[in-house]
Trainee: 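A single structure is presented below for examination.
Residue numbers begin at 1 in each chain, while the letters A, B, ... track the order of the sequences.
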Number of protein chains: 2
Amino acid sequence: MKIGELSRRTGVSVRMLRYYEGEGLLAPQRTSSGYRDYGTADEEAVRRIKVLGSAGMTLETIKQLLPCVRNNRPDFRPCDNLRRILAQQVGLIDQRIEALSQSRTILAGFISSVN
Amino acid sequence: MKIGELSRRTGVSVRMLRYYEGEGLLAPQRTSSGYRDYGTADEEAVRRIKVLGSAGMTLETIKQLLPCVRNNRPDFRPCDNLRRILAQQVGLIDQRIEALSQSRTILAGFISSVN
DNA sequence: CTTGACCCTGACAGCGCTGTCAGACCTTAC
DNA sequence: GTAAGGTCTGACAGCGCTGTCAGGGTCAAG
């Protein structure tokens with residue numbers, strides 16, 4: 001599929017899809033005329049990037065993860081320090097969740113103190 | 001207290017404390033020689049800013065919240081649309097928590113699939 | 001009075017991310 | 001063949017946040 005369609009299907013802007021490629025997270029085929037040609041695997045990848053990204057992960061971090069994550073099952077063999085990255089990222093995520101929960105408590109408290 | 005001490009006590013860099021002031025989130029007293037002089041209320045505010053900020057809130061958003069949040073108990077009277085902001089922010093936070101949980105599941109799954 | 005630690009302001013720069021614009025090419029449908 | 005809409009590249013700019021540097025003032029201890 002072409003970039004516009006992928007954009008519509010994933011909700012990621014055309015601009016960002018090209019950016020992902022520039023950062024090395026995607027490498028779509030090209031048609032003879034130079035148009036990007038994405039497959040379903042690319043679409044899957046974009047969805048993953050989106051989720052990981054909205055969790056606060058940097059594209060750089062996601063990039064380290066992604067190549068090992070083809071096929072829903074990570075392949076760790078080519079990725080030596082990946083486990084470390086993963087554990088570290090889970091730690092970061094837990095921290096963020098904690099902060100968010102705290103904030104939520106604060107805000108929800110404010111709201112209910114008014115109703 | 002002076003800015004260096006506040007920085008040490010809160011873990012927020014001197015640079016950022018001055019930035020907060022520039023953005024209108026803090027307004028410390030000044031000594032006759034121009035040094036910033038922070039009180040305990042400022043320290044409290046900085047801690048709140050820190051928590052709210054690490055929850056992904058913009059300083060601009062925090063700024064709208066902060067004036068109504070003196071004394072641990074929000075004063076809604078001067079803040080008409082605050083409830084709307086609060087509800088909206090809680091929604092955003094819930095979204096972020098959801099995304100983080102998803103990411104966490106993905107990553108933790110990867111890790112356990114290897115042990 | 002000097003020295004070292006701290007503070008001041010202002011500016012520049014970078015980060016990661018995102019939008020937008022220009023100028024050109026491609027494709028599809030009429 | 002023409003027009004409309006999609007795509008290409010490359011560049012510029014902005015966002016919010018953060019560090020750093022320069023050039024200068026202040027303060028406390030020796």
Trainee: Taking atom C1' of dG16(C) as reference, at what distance in whole Å does atom CD of Gln64(A) sit?
Mentor: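 Rounded to whole Å, this separation is 15 Å.
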Trainee: What pairs meet the salt bridge (charged side-chain N to carboxylate O under 4.0 Å, His left out) rule with one or both residues in residues 85-96 of chain A, with sequence neighbours excluded?
Mentor: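 Listed once each, the pairs are Asp94(A)-Arg104(B).
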Trainee: N/O contacts under 3.5 Å, protein versus nucleotides 18-20 of chain D?
Mentor:
residue: dT18(D); atom: O4; partner: Arg15(B); partner atom: NH2; Å: 3.2
residue: dG19(D); atom: OP2; partner: Ser13(B); partner atom: OG; Å: 2.9
residue: dG19(D); atom: N7; partner: Arg15(B); partner atom: NE; Å: 3.1
residue: dG19(D); atom: O6; partner: Arg15(B); partner atom: NE; Å: 3.4
residue: dG19(D); atom: O6; partner: Arg15(B); partner atom: NH2; Å: 3.0
residue: dT20(D); atom: O4; partner: Arg15(B); partner atom: NE; Å: 3.2

Trainee: How long is the line joining CZ of Arg30(B) and P of dT26(D), in whole Å?
Mentor: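 Value for this atom pair: 14 Å.
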Trainee: Can you name the salt bridge (Lys or Arg N to Asp or Glu O under 4.0 Å) partners of Glu60(B), sequence neighbours left out?
Mentor: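 Not a single residue meets the salt bridge (Lys or Arg N to Asp or Glu O under 4.0 Å) criterion with Glu60(B).
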Trainee: So do Ser7(A) and Val12(A) actually touch side chain to side chain, heavy atoms under 4.5 Å?
Mentor: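 They are not in side-chain contact.
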Trainee: Could you tell me which residues satisfy side-chain contact (heavy atoms from CB on, under 4.5 Å) with Ser33(A), sequence neighbours excluded, listed by chain and number?
Mentor: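 Residues passing side-chain contact (heavy atoms from CB on, under 4.5 Å) with Ser33(A): Thr31(A), Tyr35(A).
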Trainee: Give the rounded distance in Å between these two atoms: CD of Glu60(B) and C1' of dG14(D).
Mentor: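 Atom CD in Glu60(B) sits about 16 Å away from atom C1' in dG14(D).
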Trainee: Atom CD of Glu21(B) and atom C1' of dC7(C): how far apart are they, to the nearest Å?
Mentor: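 The distance from CD of Glu21(B) to C1' of dC7(C) comes to 13 Å, rounded to the nearest Å.
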Trainee: Rounded to whole Å, how long is the line connecting atom CG of Leu25(B) with atom P of dG16(D)?
Mentor: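 Taking atom P of dG16(D) as the reference, CG of Leu25(B) is at 13 Å.
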Trainee: Give the rounded distance in Å between these two atoms: CD1 of Ile62(B) and C1' of dG16(D).
Mentor: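 The answer, rounded to whole Å, is 11 Å.
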Trainee: Roughly how many Å is it from CD in Gln29(A) to C1' in dT7(D), rounded to a whole number?
Mentor: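 It works out to 17 Å between those atoms.
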Trainee: Between atom CG in Leu6(B) and atom C1' in dC6(C), what is the gap in whole Å?
Mentor: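 Leu6(B) atom CG is separated from dC6(C) atom C1' by 15 Å.
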Trainee: Show me the donor-acceptor pairs, under 3.5 Å and distance only, between side chains in residues 13-29 of chain B and residues at least two apart or in other chains.
Mentor:
residue: Ser13(B); atom: OG; partner: Met16(B); partner atom: N; Å: 3.1
residue: Glu21(B); atom: OE1; partner: Arg36(B); partner atom: NH1; Å: 2.6
residue: Glu21(B); atom: OE2; partner: Arg30(B); partner atom: NH2; Å: 3.2

Trainee: What pairs with Glu5(B) under side-chain contact (heavy atoms from CB on, under 4.5 Å), at least two apart in sequence or on another chain?
Mentor: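 In terms of side-chain contact (heavy atoms from CB on, under 4.5 Å), with neighbours along the sequence ignored, Glu5(B) is linked to Met1(B), Arg8(B), Arg9(B).
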Trainee: For Thr40(B), give me all partners under side-chain contact (heavy atoms from CB on, under 4.5 Å), at least two apart in sequence or on another chain.
Mentor: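 For Thr40(B), no residue satisfies side-chain contact (heavy atoms from CB on, under 4.5 Å) once neighbours in sequence are set aside.
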Trainee: Looking at Arg18(B), does any N or O in its side chain come under 4.0 Å of the phosphate oxygens OP1/OP2 on dT9(C)?
Mentor: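 So the side chain of Arg18(B) is outside the cut-off, no N or O lying under 4.0 Å from OP1 or OP2 of dT9(C).
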Trainee: Hey, which sits more toward the 5' end of DNA chain D by its nearest nucleotide, Thr58(B) or Tyr38(A)?
Mentor: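 It is Tyr38(A) whose nearest nucleotide is closer to the 5' end.
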Trainee: Distances for protein N/O vs nucleotides 26-30 of chain C N/O pairs under 3.5 angstrom?
Mentor:
residue: dC26(C); atom: O3'; partner: Ser33(A); partner atom: OG; Å: 3.2
residue: dC26(C); atom: O2; partner: Tyr35(A); partner atom: OH; Å: 3.4
residue: dT27(C); atom: OP1; partner: Ser33(A); partner atom: OG; Å: 3.0

Trainee: Considering just the side-chain nitrogens and oxygens of Arg36(B), establish if one lies under 4.0 Å of OP1 or OP2 belonging to dC8(C).
Mentor: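 Checking dC8(C) against Arg36(B), a side-chain N or O does come within under 4.0 Å of OP1 or OP2.
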Trainee: Looking at residues at least two apart in the chain, or sitting in another chain, which of them share a side-chain contact (heavy atoms from CB on, under 4.5 Å) with Glu98(B)?
Mentor: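 By the side-chain contact (heavy atoms from CB on, under 4.5 Å) rule, Glu98(B) matches Gln102(B).
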Trainee: Please examine the side chains of Gln89(B) and Thr61(B), heavy atoms only from C-beta on, and report whether any two atoms are closer than 4.5 Å.
Mentor: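 SC-SC contact between Thr61(B) and Gln89(B) confirmed.
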